[in-house]
Protein chains: 2
Amino acid sequence: MPSDVFGVLANPVRRRLLESLRDGPRSTGELAGMFELGRPAVSEHLAVLRAAGLVREEPRGRHRFYHLEPARLAEVSEWLHPFEHYWKQRLDALSDLLDEDNET
Amino acid sequence: MPSDVFGVLANPVRRRLLESLRDGPRSTGELAGMFELGRPAVSEHLAVLRAAGLVREEPRGRHRFYHLEPARLAEVSEWLHPFEHYWKQRLDALSDLLDEDNET
DNA sequence: TCGATGCGTCGGAGATTGTTGACGCGTCGG
DNA sequence: CCGACGCGTCAACAATCTCCGACGCATCGA
């Protein structure tokens, strides 16, 4: 039960769950059908995502729909930012070498 | 031995190692001194970072200096990008809501 | 050459994580 | 009212991570 966002994203199933939810809310069974995993496993992953505040659940009849709540992903983006400057500097130097008469 | 970048970043010690290396290359012992961890543990973490291509090692006498190699962090940034658009939109909508009415 | 230093690596103990099957609870259709 | 459905949760096992002490290898200083 990783409570920190980085730990949550370390699992590929959880990343794919978040990607799927970008297209709109999905029910548990719908999400579980996308993986070759048992439904309890997917349910656990959804619980982890929920505990981390990355999804919100909306009970609807006997289904439970999960909505994307990507606000906490900003923590990752902020951690990444100081490095971004570094690698973009390198990429810029590279593209300067590749085409010198093009400018953006 | 997580080989994927997300798994590597899941560990707080490895994240702090990368942060330290932003200020310039450091030797193993220098890095190990920053943590309340044994040197073998730090050495293992550095091996993980190296296997993921996030650091480069430069042997120098009996020391081994580690350099930051943040290029692969771009994978995380790229994965994050589609969500970034989403959460910035949500934050704007949130401030709009705060202006007119409140409700729990 | 010899001892000390800096480091990686191996084996194993302990903790954490991932997955499954079985079960219970609420909801819908007849 | 009753059986089927969708779902979460629990106990338990398997796999993975993390850490340490012990060891070996290369390098430096004397």
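Below, chains carry the letters A, B, ... as their sequence lines are ordered, and counting in each starts from 1.
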Chemist: What is the distance from CZ of A:F65 to C1' of D:dG8, rounded to the nearest Å?
Modeler: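 Spelled out: CZ on A:F65 to C1' on D:dG8 is 17 Å.
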Chemist: Which base, if any, makes a Watson-Crick or G-U wobble pair with C:dG30, both distances under 3.5 Å?
Modeler: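 Partner of C:dG30: D:dC1.
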Chemist: I'd like to check B:L73 versus A:Y86 (side-chain heavy atoms, cut-off strictly below 4.5 Å). Are they in contact?
Modeler: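 Side-chain contact under 4.5 Å: no.
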Chemist: Group every Ile, Leu, Val, Met, Phe, Trp and Tyr by side-chain heavy-atom contacts under 4.5 Å, then state whether B:F65 and B:L31 land in the same group.
Modeler: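 No; tracing contacts between hydrophobic side chains, which count when under 4.5 Å, never links both residues.
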Chemist: Whole-Å distance between D:dG8 P and A:R64 CZ?
Modeler: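 Atom-to-atom, A:R64 to D:dG8, this comes out as 5 Å.
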Chemist: Is A:L21 close to A:H67 at the side-chain level, that is, under 4.5 Å between some pair of heavy atoms?
Modeler: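 SC-SC contact between A:H67 and A:L21 ruled out.
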Chemist: Can you name the ring pair (Phe, Tyr, Trp, His ring centres under 6.0 Å) partners of B:F6, sequence neighbours left out?
Modeler: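 Partners of B:F6 under the ring pair (Phe, Tyr, Trp, His ring centres under 6.0 Å) test: B:W79.
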Chemist: Provide, to the nearest angstrom, the distance between the NE2 atom belonging to B:H63 and the C1' atom belonging to D:dG29.
Modeler: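 Roughly 12 Å, once rounded to whole Å.
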Chemist: What distance separates B:L49 CG from B:L18 CG, expressed to the nearest 0.5 Å?
Modeler: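 It is 5.0 Å, given to the nearest 0.5 Å.
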Chemist: Using 0.5 Å steps for rounding, measure from the OG1 atom of B:T28 to the CZ atom of B:R64.
Modeler: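 CZ of B:R64 is found 7.0 Å from OG1 of B:T28.
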Chemist: Output the residues of residues 18-33 of chain B in contact with DNA chain D, where contact means a heavy atom of the residue under 4.0 Å from an atom of the strand; sort by number or write none.
Modeler: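 Nothing qualifies; none.
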Chemist: Could you give the CG-to-P distance, from A:L9 to C:dT17, as a whole number of Å?
Modeler: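 One finds 14 Å between P of C:dT17 and CG of A:L9, rounded.
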Chemist: Between B:E57 and B:R50, is there a salt bridge with N-O shorter than 4.0 Å?
Modeler: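 Salt bridge present between B:R50 and B:E57.
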Chemist: Output the rounded distance in Å from CG (B:L46) to P (C:dG8).
Modeler: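 B:L46 atom CG is separated from C:dG8 atom P by 7 Å.
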Chemist: Can you name the salt bridge (charged side-chain N to carboxylate O under 4.0 Å, His left out) partners of B:R15, sequence neighbours left out?
Modeler: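 Counting only residues at least two positions away or on another chain, B:R15 forms a salt bridge (charged side-chain N to carboxylate O under 4.0 Å, His left out) with A:D4.
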Chemist: Report the distance from atom CZ of A:R60 to atom C1' of C:dC28, rounded to the nearest whole Å.
Modeler: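 Checked: the CZ to C1' distance equals 15 Å.
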Chemist: Who are the salt bridge (charged side-chain N to carboxylate O under 4.0 Å, His left out) partners of B:R72, not counting sequence neighbours?
Modeler: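 Partners of B:R72 under the salt bridge (charged side-chain N to carboxylate O under 4.0 Å, His left out) test: B:E75.
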Chemist: Are A:R14 and A:L9 close enough, and set up right, to give a side chain to side chain contact (heavy atoms under 4.5 Å, CB included), and what steps lead you there?
Modeler: CA-CA 6 Å; A:R14 289 194 287 263; A:L9 295 186; over 6 Å; no
Chemist: Which parts of nucleotides 9-20 of chain D does protein reach within less than 4.0 Å, heavy atoms only, written one letter per nucleotide 5' to 3' as B for base, S for sugar-phosphate only and - for none?
Modeler: B-------SSSS
Chemist: Ignoring backbone atoms, establish whether B:Y66 has a side-chain N or O less than 4.0 Å from OP1 or OP2 of C:dG6.
Modeler: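 No, B:Y66 has no side-chain N/O under 4.0 Å of OP1/OP2 on C:dG6.
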Chemist: Could you tell me whether B:R56 sits above the aromatic face of B:Y66, with NZ or CZ closer than 6.0 angstrom to the six-membered ring centre and within 45 degrees of the axis?
Modeler: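 No.
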Chemist: Can you name the atoms? Protein N/O to nucleotides 25-27 of chain D N/O, anything below 3.5 Å, with the distance.
Modeler:
none

